[in-house]
Amino acid sequence: MPAEPDGPPPAATLPEATPPGATRYARVVVDSRLPQLDRLFEYRVPPGMTGVEPGVRVRVPLRGDRLTSGWVVETTDARAWEGEVADVEKVVSPVPVLQPEVWALARAIADRAAGGAADVLRVAIPGRQARIEKQWLAQERAELPPLPEAVEAAAVLPGLVEARRRVAIECAGGVAEITDAEGAPVWVGRWAISLASIARQAIERGEQAIIVVPDHRDQRQLRIALAAAIGDERVVELDARQKNPERYRGFLRCIDGEPIAIIGPRSAVYAPAPKLGLLAIWEDGDPLLSEPLAPWVHARDAALVRQGQSGCALVLAGHARSSDAERLVELGFLEHERLGAHRVRVLPSALTDDGRRVPAVAFRAAKEALATKPVLVQVARPGHAPGLRCGDCGARARCTSCAGPLGRSSRGAVPSCRLCGRLAAAWRCQSCRGTSLTEVGRGSSRIAEELGRAFPGVPVMVADGEHERLTIDAKPRMVVATRGAEPLADGGYGAVLLLDGDALLSREGLRVAEEAVRQWATARALAADGATVVLTGAGGATVTAITGDTTVPFAKAELAERRSLRFPPAVRTASVVGHPDAVAEAVEALAEIEHLDVLGPVPAPADVVKGSREGELERAIARFAYADGARVAGVARGRVLAAASRPRKPGAPPRLRIRLDDPEPFDGL
DNA sequence: AGCACGCCGACT
DNA sequence: GTCGGCGTGCTC
């Protein structure tokens, strides 16, 4: 920021604004999960203590001499708290890890989710690494090298960042070759190149870009594409999979405020970025973007709040439009864009008579493609046989300890429980005492064996959770992958076989069809131009979603159906779980809100809250309009607060838990 | 969470 | 008369 030509120096360069002798106070958010403590506490800065500045981590006494960690939100000369004021115990580190805009964001997100701000901060701020911090404090900031030459023709949606547009982007798919930081050619999804180009717009304006991805596979592609677009010195990764020191190093670079692109998993949406030009979410329909910790906020929702606060450009992108993004398009909040063209032929195919073999169309497509390129086979389940039946009476083989389904992880392996993993070495049928087992269904390794026999001489590899493979070269081969584990092939796949459509769609659940379409679109995007994609075992709207060249009509239809059923994302929800009394009180309080309806309460399933027994707790679901969100969250927070100060037995589940926009109860609908 | 405060039953 | 039950409230 330039100083006035002849004016005083900027305030930040003055040594210490407070005159000696005046008492300073610090308002601190304490790092606690208790709803009762979710507010600012005021402490005196003892004379002689330095470094108590907004954003730093401090230790403060809470209730007598018990010390708690917290972050300074602001410092003042005038105290607002009338009662007794304790002293800040010490400054843990001088680094302002809680930036003002992140505090404002955490507060707003917590309020919207009826949760505590400290819970959000725990996700937003990585644990301190003293060694890394020391390096960061000592190092002098090097000037960033100039941006790589821009390729005019490669510009994607020019002016998007400058105009602060809010856009839902459907990316057409396909792969492309670019040059990595060392000058070697690498293949990445075209989506990554598009997002990198948009991010460059922010960097060119001297602003930051945050791009959130569901997993490290996408992050890898995006990192490569960004390195090509803006130089790898300007790419900061905030990956929870990284070693803690690496993660903290990246986090500290964000605080520097340079024009950089920040990429990472769902928590990256909270990265400090004082000059945020672009906030983008890749694959916003991916359930991985939903935070599994309280207050269970989806990165898309966090991004919407953050965009509202910072006014930056917003992008929700994916190979398939999510019903949530489509809702925002229909509302006029987001514009629709479609990027690129991907020429593939998608052939729907019914299951064959015996339902066991690869259909003839798929066989032909694979055979043709294998002459020059690899072939991707997407299957629903890992392992050898996902299910087992009694060979004598046909009863489903179940785990003796948890009643979960037994399966076989590899040919001839001892059956094991797919839920708890226990081995069932001496299995006997519960109903007929029989000991022979028949395999039901085919997992990735069994399909790989079958394909190996069907295509003699063609190498077959498996890619699933256990055999992770990010990329493969362009040599012809069969790649059998579970959903989400598909490797990226140099040059793209010559054919993509989406087997097991029926298995994907047979589950019950609000988002089953939408999720299937998303996973198919993801696999389809890995195909080379001109490739054939075969989809088996699916029907109806999901098929046209994937054979056509846009998923938008499908998302529209999904949304329309959810509207008629009053299901999310047409409405918001609050799931209320706890002691029957507490649930009844909460439901009563929520029912005061107009147009809010309540399903239940009904006995809650076991373990809906960790350690709860079947029928011990009750659950109710409230549905309400987006416009009533603040009121619902306020009432919910009030009930949780009231329930929290009531006694409960040690080890017992909490008396009341309210989760807003909890997808879980709708999984089985 | 944890701990102090406070108002009703069995005891020296 | 008092010791102590745990419902209620509070944490700068």
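Sequence lines set the chain letters: A, B, ... in the order given, protein chains first and strands last, and positions in each chain run from 1. Scope of the values below: all heavy atoms of this structure, side chains included, with no hydrogens, waters or symmetry mates.
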Distance-only polar pair, side chains of [X] and [Y], donor-acceptor under 3.5 Å:
{"X": "A:R422", "Y": "A:S416", "value": "no"}
{"X": "A:R249", "Y": "A:Q129", "value": "no"}
{"X": "A:T23", "Y": "A:R44", "value": "no"}
{"X": "A:S575", "Y": "A:D662", "value": "yes"}

Separation of [N] [atom2] from [X] [atom1] (nearest whole Å):
{"X": "A:E89", "N": "C:dC12", "atom1": "CD", "atom2": "P", "result": "13 Å"}
{"X": "A:E74", "N": "C:dC12", "atom1": "CD", "atom2": "P", "result": "18 Å"}
{"X": "A:L641", "N": "C:dG9", "atom1": "CG", "atom2": "P", "result": "12 Å"}
{"X": "A:R79", "N": "C:dC12", "atom1": "CZ", "atom2": "C1'", "result": "9 Å"}
{"X": "A:D119", "N": "B:dA1", "atom1": "CG", "atom2": "C1'", "result": "14 Å"}

Does anything in residues 31-44 of chain A reach DNA chain C, meaning a heavy atom under 4.0 Å, and if so which residues?
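Nucleic-acid contacts, sorted: A:Q36, A:L37, A:R39, A:F41, A:E42, A:Y43.
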I'd like to know whether CZ of A:R128 has more than 12 heavy-atom contacts from other residues, nucleotides or ligands below 6.0 angstrom.
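Correct, the count exceeds 12.
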Could you tell me whether the phosphate oxygens of B:dA1, OP1 or OP2, come under 4.0 Å of any side-chain nitrogen or oxygen in A:R66?
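A:R66 to B:dA1 OP1/OP2: no side-chain N or O under 4.0 Å.
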Contacts of A:R623 that satisfy salt bridge (charged side-chain N to carboxylate O under 4.0 Å, His left out) - sequence neighbours left out:
A:D597
